[in-house]
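Report on the following structure.
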Amino acid sequence: MSNPQTIGVLFVCLGNICRSPTAHGVFESLVAERGLARSIRVDSCGTGDWHVGHPPDRRAAAEARRRGYDLDHLRARQVEPADFDRFHYILAMDRMNLADLESMRPSRFDGHLGLFLAFAPASGVAEVPDPYYGGDTGFSRVLDLVEAASVGLLEEIRIAHALR
Ligand code: 4NP
């Protein structure tokens with residue numbers, strides 16, 4: 001980690017080409033907008049390795065662009081054990097991702113590992129639905145959920161770490 005003072009936030013899904021890069025782009029944009037880019041580092045990865053090195057899914061990137069987020073610079077990578085040393089918040093898109101992460105979690109990890117949508121309680125859903133095999137409306141739904149949870153997550157981090 002470049003600056004040990006920074007708070008690391010890692011978004012995790014299955015392929016790291018649809019949901020978690022969307023969360024990465026949206027949350028990073030929110031952090032920058034609030035002037036917190038020097039305090040919070042954002043990254044994303046997948047539990048699977050099928051898409052390692054690939055850019056985000058074209059449909060995810062298009063929906064993000066429609067809402068003003070640029071995902072084009074992102075490339076998929078797979079989660080690795082060292083992520084538990086580098087990130088304070090590890091946020092899973094669904095329960096399957098969370099179970100995979102729980103199975104890797106070292107006992108020394110004292111950060112927060114949980115579902116991302118826990119930070120969007122008003123959404124009424126616990127998981128970001130996987131849009132990969134569905135139609136384009138799935139990607140819009142992902143953006144809605146991710147935008148809501150990003151606001152809640154940033155508020156939580158600001159309170160927990162006394163950021164202004
Ligand atoms: P993601 O979506 O986990 O939101 O990136 C998926 C992408 C690819 C696959 C599954 C889900 N896949 O099976 O290749």
Side-chain angles (χ1 to χ4, degrees), residues 7-32 40-106 109 111-154 156-157:
I7 299 150
V9 177
L10 180 65
F11 296 104
V12 187
C13 63
L14 181 60
N16 193 209
I17 55 168
C18 298
R19 294 166 294 173
S20 63
T22 299
H24 185 159
V26 169
F27 192 68
E28 198 164 58
S29 161
L30 186 62
V31 163
I40 302 175
R41 279 178 305 115
V42 186
D43 197 6
S44 63
C45 64
T47 56
D49 66 357
W50 310 281
H51 298 283
V52 168
H54 294 182
D57 184 284
R58 211 173 278 123
R59 298 162 296 174
E63 183 59 32
R65 197 173 306 115
R66 257 192 289 283
R67 301 195 191 198
Y69 309 105
D70 179 12
L71 307 185
D72 292 343
H73 59 293
L74 303 178
R75 293 294 177 270
R77 72 170 180 91
Q78 188 174 26
V79 65
E80 56 190 28
D83 286 324
F84 287 91
D85 297 316
R86 300 204 304 249
F87 295 95
H88 304 82
Y89 292 84
I90 301 183
L91 300 163
M93 297 297 136
D94 64 33
R95 290 189 181 92
M96 186 179 74
N97 310 147
L98 182 58
D100 287 340
L101 291 164
E102 291 283 9
S103 74
M104 295 176 67
R105 176 191 186 137
F109 178 70
H112 175 96
L113 171 60
L115 289 171
F116 182 36
L117 290 191
F119 295 100
S123 70
V125 284
E127 305 179 287
V128 183
D130 186 345
Y132 188 65
Y133 293 108
D136 287 348
T137 57
F139 288 87
S140 171
R141 175 83 173 134
V142 168
L143 258 297
D144 290 343
L145 293 169
V146 162
E147 286 183 329
S150 291
V151 171
L153 172 63
L154 187 56
E156 163 78 17
I157 292 176

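Excluded from the calculations below are hydrogen atoms, water molecules and symmetry mates; all remaining heavy atoms, backbone and side chain alike, are included. Atoms within each ligand, like the ligands themselves, are counted from 1 in listed order. It should be emphasised that the depicted structure is a prediction, and the values quoted were computed from it without experimental measurement.
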**Partners passing ring-ring contact (aromatic ring centres under 6.0 Å, His included) against F27 (at least two apart in sequence or in another chain)** = F11
**Request:** Go through the structure and list residues passing salt bridge (charged side-chain N to carboxylate O under 4.0 Å, His left out) with R95, not counting sequence neighbours.
**Result:** E127
**Prompt:** Exactly which residues line ligand 1, taking a heavy atom under 4.0 Å from it as the test?
**Reply:** C13, L14, G15, N16, I17, C18, R19, H51, D130, Y132, Y133
**Those residues that, when tested against Y69, pass ring-ring contact (aromatic ring centres under 6.0 Å, His included) (two or more places apart)** = none
**Request:** May I ask you to decide whether D94 forms a salt bridge with R19, counting only side-chain N to carboxylate O separations under 4.0 Å?
**Result:** yes
**Asked** Is L113 close to E102 at the side-chain level, that is, under 4.5 Å between some pair of heavy atoms?
**Response** yes
**Asked** Are the side chain of H88 and the backbone of G111 linked by a donor-acceptor contact shorter than 3.5 Å?
**Response** no
